[in-house]
Structure formats: C-alpha cells, structure tokens
Amino acid sequence: QVQLVQSGGGSVQAGGSLRLSCACSGRTFSTYTVGWFRQAPGKEREFVSRVRWSEGTTGYADSVKGRFTISRDKAKNTVDLQMNSLKPEDTAVYYCATSRIFWAIRALEYDYWGQGTQVTVSS
C-alpha cells in the first residue's frame with residue numbers, strides 16, 4: 001500500500017503562483033510514475049503532469065506547459081508541482097497519484113491517490 005499526503009494549494013489571484021507537494025510513503029518501490037491530475041466541478045478528471053520517478057523525466061498537458069513545473073525529490077519521497085501564471089481555468093481539486101506503469105498518463109493507470117487539494121484562482 002502506498003500513502004500519498006498532499007499539502008499546499010489554496011487561493012490566489014490570476015497571475016499568481018502556488019506550489020503543491022505530495023509526500024509518498026509505504027511500499028513505494030513499485031512506483032514508476034507520479035502524476036498530477038485535476039478535476040473541476042462538473043468536469044472529468046484531467047491529466048496535468050507526470051514525472052518518471054527514477055530519472056525525473058517530465059511531461060505536461062498542453063494547457064499547463066510553460067507554466068507548471070513538476071519535480072521529484074527521491075531522497076525525500078516527494079513530488080512537487082510549481083504552478084506559475086495561474087489562470088481561473090486552473091481552478092480545480094488537484095490530486096497526486098502513483099502508477100506502476102513507466103509513463104502513465106491516464107487516470108485509470110494510477111493505483112494510489114492523494115486526498116486532493118483545492119486550488120482556486122480568482123480573476
């Protein structure tokens with residue numbers, strides 16, 4: 001079992017920045033990819049970013065590319081999502097998740113999920 005505890009988030013005005021963190025514990029040896037997803041009310045959960053745990057290789061959704069940065073700290077077992085130039089459409093509950101698949105992008109491919117963190121961006 002893998003436990004993921006999220007921190008960060010909150011409210012910010014458009015153009016501002018927020019940083020999310022995801023701390024992983026438990027049997028993390030089978031984790032190959034850590035992803036961030038978000039879900040707005042009435043919307044489907046969508047992929048935001050992912051990082052390959054071993055090498056740190058990153059990927060981003062087009063909607064956040066150039067604004068968000070994902071990083072992982074293997075020593076601390078944490079994955080962060082730095083969100084800059086935030087837009088109102090970024091408002092959602094953000095989730096971190098782990099996958100046993102090397103380069104998972106679909107939510108269905110992720111096994112364990114954090115509790116979710118609200119991010120609200122006001123215009």
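When reading the values below, keep in mind they use all heavy atoms of this one structure, side chains included, and skip hydrogens, waters and symmetry mates.
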Residue pair L18, L86: steps toward the side chain to side chain contact (heavy atoms under 4.5 Å, CB included) verdict: CA-CA 8 Å; L18 287 172; L86 283 162; 4.0 Å; yes
Y95 (side chain) donor-acceptor with Q39 (main chain) under 3.5 angstrom: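 It does not hold such a pair.
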Inter-residue atom distance K65.NZ - S49.OG, 0.5 Å rounding: 10.0 Å
S122 side, atom OG; Q13 side, atom CD - distance, nearest 0.5 Å: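 If we round to the nearest 0.5 Å, S122:OG and Q13:CD are 5.0 Å apart.
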Are [X] and [Y] connected in the hydrophobic side-chain network, where two residues link if heavy atoms are under 4.5 Å apart?
X: V2; Y: V79; result: no
X: V121; Y: V93; result: no
X: I70; Y: W53; result: yes

If you define the side chain from C-beta out and look only at heavy atoms, does anything of [X] sit under 4.5 Å from [Y]?
X: V119; Y: L20; result: yes
X: W36; Y: R50; result: no
X: W103; Y: T57; result: yes
X: D90; Y: R38; result: yes
X: V48; Y: Y94; result: yes
X: S25; Y: N77; result: no
X: R100; Y: T31; result: no
X: Y110; Y: V34; result: no

Distance-only side-chain donor-acceptor flag, T117 / Q6, under 3.5 Å: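 Q6 and T117 do have a side-chain donor-acceptor pair below 3.5 Å.
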Test item: side-chain donor near acceptor, Q82 and D80, under 3.5 Å: no
Step-by-step side chain to side chain contact (heavy atoms under 4.5 Å, CB included) determination, E46 to E44: CA-CA 6 Å; E46 66 173 342; E44 294 184 352; over 6 Å; no
Within 45° cone and under 6.0 Å: R52 NZ/CZ vs F102 ring: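 That pair does not qualify as a cation-pi contact.
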For a quick test of reading the model, state the closest non-hydrogen atom pair linking [X] to [Y] and the distance between them.
X: P88; Y: A14; result: CD-CB, 4.1 Å
X: C22; Y: L4; result: SG-CD2, 3.5 Å
X: C24; Y: T98; result: SG-CG2, 4.2 Å

Test side chain to side chain contact (heavy atoms under 4.5 Å, CB included) applied to R106 and F47, step by step: CA-CA 7 Å; R106 297 177 298 175; F47 165 79; over 6 Å; no
W113 ring center within less than 6.0 Å of F37 ring center: yes
Pair T91-E89, side chain to side chain donor-acceptor pair (under 3.5 Å): steps then yes or no: CA-CA 5 Å; T91 296; E89 51 262 44; over 6 Å; no
